[in-house]
Amino acid sequence: QVQLVESGGGLVQPGGSLRLSCAASGIIFSVYTMGWYRQEPGKQRELVARITRVSTITYADSVKGRFTISRDNAKNTVSLQMDSLKPEDTAVYYCNAESLPPWPSKSYWGQGTPVTVSS
């Protein structure tokens with residue numbers, strides 16, 4: 001019943017922009033920390049950005065100044081605005097939802113949306 005559905009991925013040229021969105025259902029969205037992760041073939045999944053229930057934001061050093069994470073609790077969505085994209089940003093991007101203490105610990109993943117940055 002819990003679903004995280006990503007959208008917005010695709011092919012973009014270096015220097016271009018994309019906006020990813022994640023729609024959540026089946027969870028009390030407002031109490032979850034939401035995050036975007038990415039994974040390339042043969043590499044570990046890495047955190048790109050996260051935003052807590054009180055809107056504390058963390059970015060990976062590699063995307064600071066280029067990516068912006070935001071959430072809309074009224075729509076149960078989290079977005080990732082990606083600007084100045086580089087070929088090394090190419091990956092499958094995953095949406096994650098985690099509840100933290102004092103809430104019961106839970107973690108959920110979307111199925112991912114691919115992003116390709118290439119000329």
Side-chain angles (χ1 to χ4, degrees):
Q1 188 174 114
V2 176
Q3 290 191 57
L4 303 176
V5 181
E6 302 97 334
S7 62
L11 175 65
V12 65
Q13 293 184 336
S17 298
L18 284 175
R19 185 176 181 87
L20 307 183
S21 294
C22 172
S25 60
I27 63 171
I28 305 174
F29 184 83
S30 61
V31 308
Y32 277 76
T33 291
M34 303 300 299
W36 286 97
Y37 292 72
R38 66 188 181 188
Q39 187 170 27
E40 299 178 59
K43 300 180 67 175
Q44 292 185 330
R45 189 172 300 184
E46 65 174 352
L47 175 69
V48 177
R50 73 169 189 178
I51 182 168
T52 72
R53 70 184 190 276
V54 295
S55 295
T56 299
I57 293 173
T58 301
Y59 294 105
D61 287 343
S62 59
V63 307
K64 286 181 179 177
R66 300 189 298 120
F67 291 10
T68 303
I69 190 171
S70 61
R71 66 189 296 158
D72 187 337
N73 287 350
K75 297 181 179 179
N76 288 2
T77 60
V78 60
S79 298
L80 186 69
Q81 177 67 42
M82 304 186 295
D83 298 319
S84 302
L85 283 161
K86 304 175 180 179
E88 51 262 45
D89 295 319
T90 296
V92 177
Y93 284 71
Y94 296 89
C95 180
N96 172 256
E98 285 189 296
S99 58
L100 302 174
W103 301 94
S105 296
K106 300 285 185 180
S107 183
Y108 302 100
W109 293 92
Q111 293 187 338
T113 185
V115 171
T116 301
V117 184
S118 176
S119 297

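A donor-acceptor pair under 3.5 Å is absent between the side-chain atoms of T77 and the main chain of C22, judged by distance alone. Checked by atom type and distance alone, the side chain of R66 pairs as donor or acceptor with a backbone atom of S84 at under 3.5 Å. Listed for the R71 side chain is a donor-acceptor partner under 3.5 Å among the backbone atoms of I51.
Legend: ring pair (Phe, Tyr, Trp, His ring centres under 6.0 Å) pairs involving residues 19-62, not counting sequence neighbours, sorted by first then second residue: Y37-W109. Sorted by first and then second residue, the disulfide (SG to SG under 2.5 Å) pairs involving residues 29-85 (not counting sequence neighbours) form an empty list. Pairs engaging residues 65-96 under the ring pair (Phe, Tyr, Trp, His ring centres under 6.0 Å) rule: none recorded [sequence neighbours left out].
Within a 6.0 Å sphere centred on CD of Q44, other residues, nucleotides and ligands contribute 12 heavy atoms or fewer.
The structure places CG of N76 at 8.0 Å from OG of S25, a figure rounded to the nearest 0.5 Å. Atom CG of L20 is separated from atom CD of Q81 by 9.0 Å, given to the nearest 0.5 angstrom.
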Below 3.5 Å, can you tabulate the donor-acceptor pairs from side chains in residues 2-11 to any protein atom, sequence neighbours excluded?
unit_1: E6; atom_1: OE1; unit_2: Q111; atom_2: N; d: 3.2
unit_1: E6; atom_1: OE1; unit_2: G112; atom_2: N; d: 3.0
unit_1: E6; atom_1: OE2; unit_2: C95; atom_2: N; d: 2.8
unit_1: E6; atom_1: OE2; unit_2: G112; atom_2: N; d: 3.2

Side-chain donor-acceptor pairs of residues 96-104 under 3.5 Å, sequence neighbours excluded:
unit_1: N96; atom_1: ND2; unit_2: S107; atom_2: OG; d: 3.2
unit_1: N96; atom_1: ND2; unit_2: Y108; atom_2: O; d: 3.0
unit_1: S99; atom_1: OG; unit_2: P104; atom_2: O; d: 2.4
unit_1: S99; atom_1: OG; unit_2: K106; atom_2: N; d: 2.9

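Each of T90, V117, T116, D89 was scored for a side-chain contact (heavy atoms from CB on, under 4.5 Å) with V12, with one residue passing: V117.
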Requested in this report: List the steps, then state whether side-chain contact (heavy atoms from CB on, under 4.5 Å) holds for V92 with T113.
Outcome: CA-CA 5 Å; V92 177; T113 185; over 6 Å; no

Query raised in the report: Can you check side-chain contact (heavy atoms from CB on, under 4.5 Å) on V78 and R50, steps first, answer last?
Result: CA-CA 10 Å; V78 60; R50 73 169 189 178; over 6 Å; no

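Nearest heavy-atom pair, S70 versus R19, reported as atom, atom and distance to 0.1 Å: OG-NH2, 3.8 Å. Nearest heavy atom pair, residue I69 against residue M34, reads CD1-O, 4.1 Å. A pairwise comparison of heavy atoms in L47 and A49 identifies CD1-O, 3.5 Å as the closest pair.
Side-chain contact between E46 and R38 is present, with heavy atoms from C-beta onward closer than 4.5 Å. The side-chain heavy atoms of P14 and P87, taken from C-beta on, include a pair separated by under 4.5 Å. Using a 4.5 Å heavy-atom cutoff, the side chains of V48 and M82 are not in contact.
Qualifying side-chain contact (heavy atoms from CB on, under 4.5 Å) partners for E40, counting only residues two or more places apart in sequence or in other chains: K43, A91.
Side-chain contact of N73 with S30: a donor-acceptor pair under 3.5 Å is absent, judged by distance alone.
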